[in-house]
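Residue numbering restarts at 1 for every chain, and letters A, B, ... go by the order of the sequence lines.
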Amino acid sequence: MFALVDCNNFYVSCERVFAPHLEGKPVVVLSNNDGCIVARSNEAKALGIKMGEPAFKRQDFLEQHRVAVFSSNYQLYGDMSERVMRTLAEIVPEIEIYSIDEAFLDLRSYRKNFNLEELARHIQRRVKQWTGIPVSVGVAPTKTLAKVANHLAKKSPGKNGVCILSDPEEITDVLRTLPVEEVWGIGMQYQKFLNKHGITTALELRNAPDAWVKKHLTVVGLRLVKELRGVSCLPLEMVQAPRKGICTSRTFGNLVEDYESLREAIATFASNCAAKLRQQHSCTKMVSVFIYTNPFLIDEPQYSNCKMVLLPEATNVTPELVRYALWGLKLIYKPGYKYKKAGVLMTHIVPEDQVQTHLFYQVDRKRYTALMKSVDRIQQRMGKGTIKYAVEGTRHPWKLRQERLSPQYTTRWSDILTIHQC
DNA sequence: TCTGGGGTCCTAGGACCC
DNA sequence: TCTGGGGTCCTAGGACCC
């Protein structure tokens with residue numbers, strides 16, 4: 001059996017841990033740049049606020065209904081996520097951290113003669129007590145069915161956040177009433193396609209012939225259908241595979257026209273990617289740079305371009321990567337446009353101890369590697385952005401809009417919560 | 001004024017090889 | 001009637017996830 005533990009309205013719950021007066025009130029969290037609504041409390045959902053709605057279109061509505069609005073605070077959410085995951089791993093060590101707010105647990109090797117419901121309740125209570133985050137737990141014979149169980153745990157008021165699906169007949173009954181688009185792996189395009197072919201429920205999908213599913217939904221779809229039948233095809237992945245692509249991109253808070261500002265942004269993004277590379281002990285051989293104007297401003301001249309730069313030798317040294325990224329930018333930058341978004345993408349990633357060296361390209365990488373180690377250690381201890389390359393700039397006229405940012409309660413000493421005695 | 005960011009996997013088709 | 005057959009590698013694009 002697999003359990004899927006999912007934090008309820010995770011970003012909102014993180015904010016509420018440190019602002020308990022918001023319990024029971026409508027709360028939303030915005031995406032980067034305060035752009036879209038990406039997390040909603042149950043009260044906010046009940047008001048009809050949709051996932052992904054642009055915040056500015058809902059401004060009046062949010063004020064009118066006294067919805068608490070937060071900018072996204074990834075330092076806080078990342079740290080709270082780690083706490084939740086550590087708590088879970090202490091109960092069940094066979095854990096796959098699937099996303100910032102979700103984890104699968106493999107219960108097969110959990111101690112003998114235990115009660116699934118009791119275990120799920122125990123997990124729920126302990127995570128709440130140790131971190132303040134409410135979670136829902138779904139348990140079933142496959143990961144896909146555990147997702148279904150979790151969905152039910154959240155939606156059915158009587159279940160109080162726990163749902164165990166073990167009886168085959170019960171599973172069939174559940175799938176009969178589950179809309180096919182609620183199944184993990186069925187997105188909008190597949191929903192349209194399946195509906196057109198008379199498949200509207202998860203049960204109908206489960207009963208579709210293998211060959212037909214494989215033809216139209218690829219092997220991914222076939223795996224999913226087998227999982228619905230109770231055949232486990234998706235194993236628990238305890239070790240996280242290194243990323244195959246690493247990207248840092250941002251929509252700017254203000255439109256950016258001048259080359260200098262763009263250079264600062266690209267250097268910052270490249271530097272950020274380099275740090276991520278080193279963190280997973282990888283090097284990259286391909287650096288791509290891209291820039292866009294704002295497609296929503298239909299009266300403005302539009303331009304977008306990207307440049308892929310193939311390196312002679314894979315590296316994770318910041319100054320090298322920044323140089324290649326800026327070279328790419330130079331090739332695609334055109335004056336006279338108002339840029340809205342830019343980014344750096346690193347691909348062709350290899351483990352750092354398996355770099356194919358170049359016969360004629362000589363860099364003293366040993367020295368740089370030592371330097372990068374020191375830089376990373378300082379950042380880790382003193383906080384991100386403590387030291388940086390001058391080319392990254394300090395003014396950052398392009399930086400995000402984050403008007404409703406909460407403090408970094410758990411990761412910055414100066415932001416630690418103060419309790420006043422009344 | 002104002003519309004996020006970061007990933008994965010699969011397939012078809014083109015270029016190339018013998 | 002009859003255009004060889006069997007591969008690899010790479011990329012773009014499309015689907016999905018949170």
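- At the phosphate of B:dC9, OP1 or OP2 sits under 4.0 Å from a side-chain N or O atom of A:Lys244.
- Taken residue by residue, residues 269-300 of chain A places heavy atoms nearer than 4.0 Å to DNA chain B at A:Lys276, A:Phe296, A:Leu297.
- Within the 4.0 Å cut-off from OP1 or OP2 of B:dG6, at least one side-chain nitrogen or oxygen of A:Ser249 is found.
- Within the 4.0 angstrom heavy-atom criterion, no nucleotide atom of any strand lies near A:Gly52.
- A:Ile186 comes within 4.0 angstrom of sugar-phosphate atoms only, judged by non-hydrogen atoms across all strands, and of no base.
- Spacing between atom CG of A:Leu234 and atom C1' of B:dC9 amounts to 12 Å, rounded to whole angstrom units.
- When side chains are defined from C-beta on, A:Pro235 does not count as touching A:Phe2, because their heavy atoms never get closer than 4.5 Å.
- Heavy atoms of A:Ile246 sit under 4.0 angstrom from primed sugar atoms or phosphate atoms, though from no base atom.
- The aromatic rings of A:Phe360 and A:His358 sit perpendicular, their planes meeting at an angle over 60°, well past the 30° parallel limit.
- A:Glu102 comes within 4.0 angstrom of the backbone, heavy atoms only, and of no base.
- At the phosphate of B:dC10, OP1 or OP2 sits under 4.0 Å from a side-chain N or O atom of A:Arg223.
- Relative orientation of the A:Phe193 and A:His197 rings is tilted, given thresholds of 30° and 60° on the angle between their planes.
- Atom pair A:Leu30:CG and B:dG4:P shows a separation of 11 Å (rounding to whole Å applied).
- Contact annotation for A:Thr248: backbone-only contact, meaning every heavy-atom pair under 4.0 Å involves sugar-phosphate atoms and none involves a base.
- Taking atom CG of A:Leu222 as the reference point, atom P of C:dA15 lies 19 Å away to the nearest angstrom.
- Here A:Lys214 lies out of heavy-atom contact (under 4.0 Å) with every strand.
- Across all strands shown, A:Lys340 has heavy atoms under 4.0 Å from sugar-phosphate atoms exclusively, and none from any base.
- The stretch residues 253-274 of chain A participates, sequence neighbours left out, in these salt bridge (charged side-chain N to carboxylate O under 4.0 Å, His left out) pairs: A:Glu260-A:Arg263, A:Glu264-A:Arg395.
- Remark: A:Arg58 is not in phosphate contact with B:dT3, judged by side-chain N or O atoms under 4.0 Å from OP1 or OP2.
- If you take CD1 of A:Ile349 and P of B:dG6, they are 13 Å apart, rounded to a whole angstrom.
- Residue pairs satisfying the side-chain hydrogen bond (donor to acceptor under 3.5 Å, both in side chains) criterion with at least one member in residues 331-345 of chain A, sequence neighbours excluded, are listed as follows: A:Glu300-A:Lys338.
- No donor-acceptor pair closer than 3.5 Å links the side chain of A:Glu403 to the backbone N or O of A:Asp34.
- Using a 4.0 Å heavy-atom criterion, one finds that A:Lys147 contacts the sugar-phosphate atoms exclusively.
- Although no hydrogens or angles enter the test, the distance criterion places a donor-acceptor pair under 3.5 Å between the side chain of A:Glu204 and the main chain of A:Thr200.
- Contact annotation: A:Thr218 does not reach the phosphate of C:dA15 (side-chain N/O to OP1 or OP2, under 4.0 Å).
- Within the 4.0 angstrom heavy-atom criterion, no nucleotide atom of any strand lies near A:Asp34.
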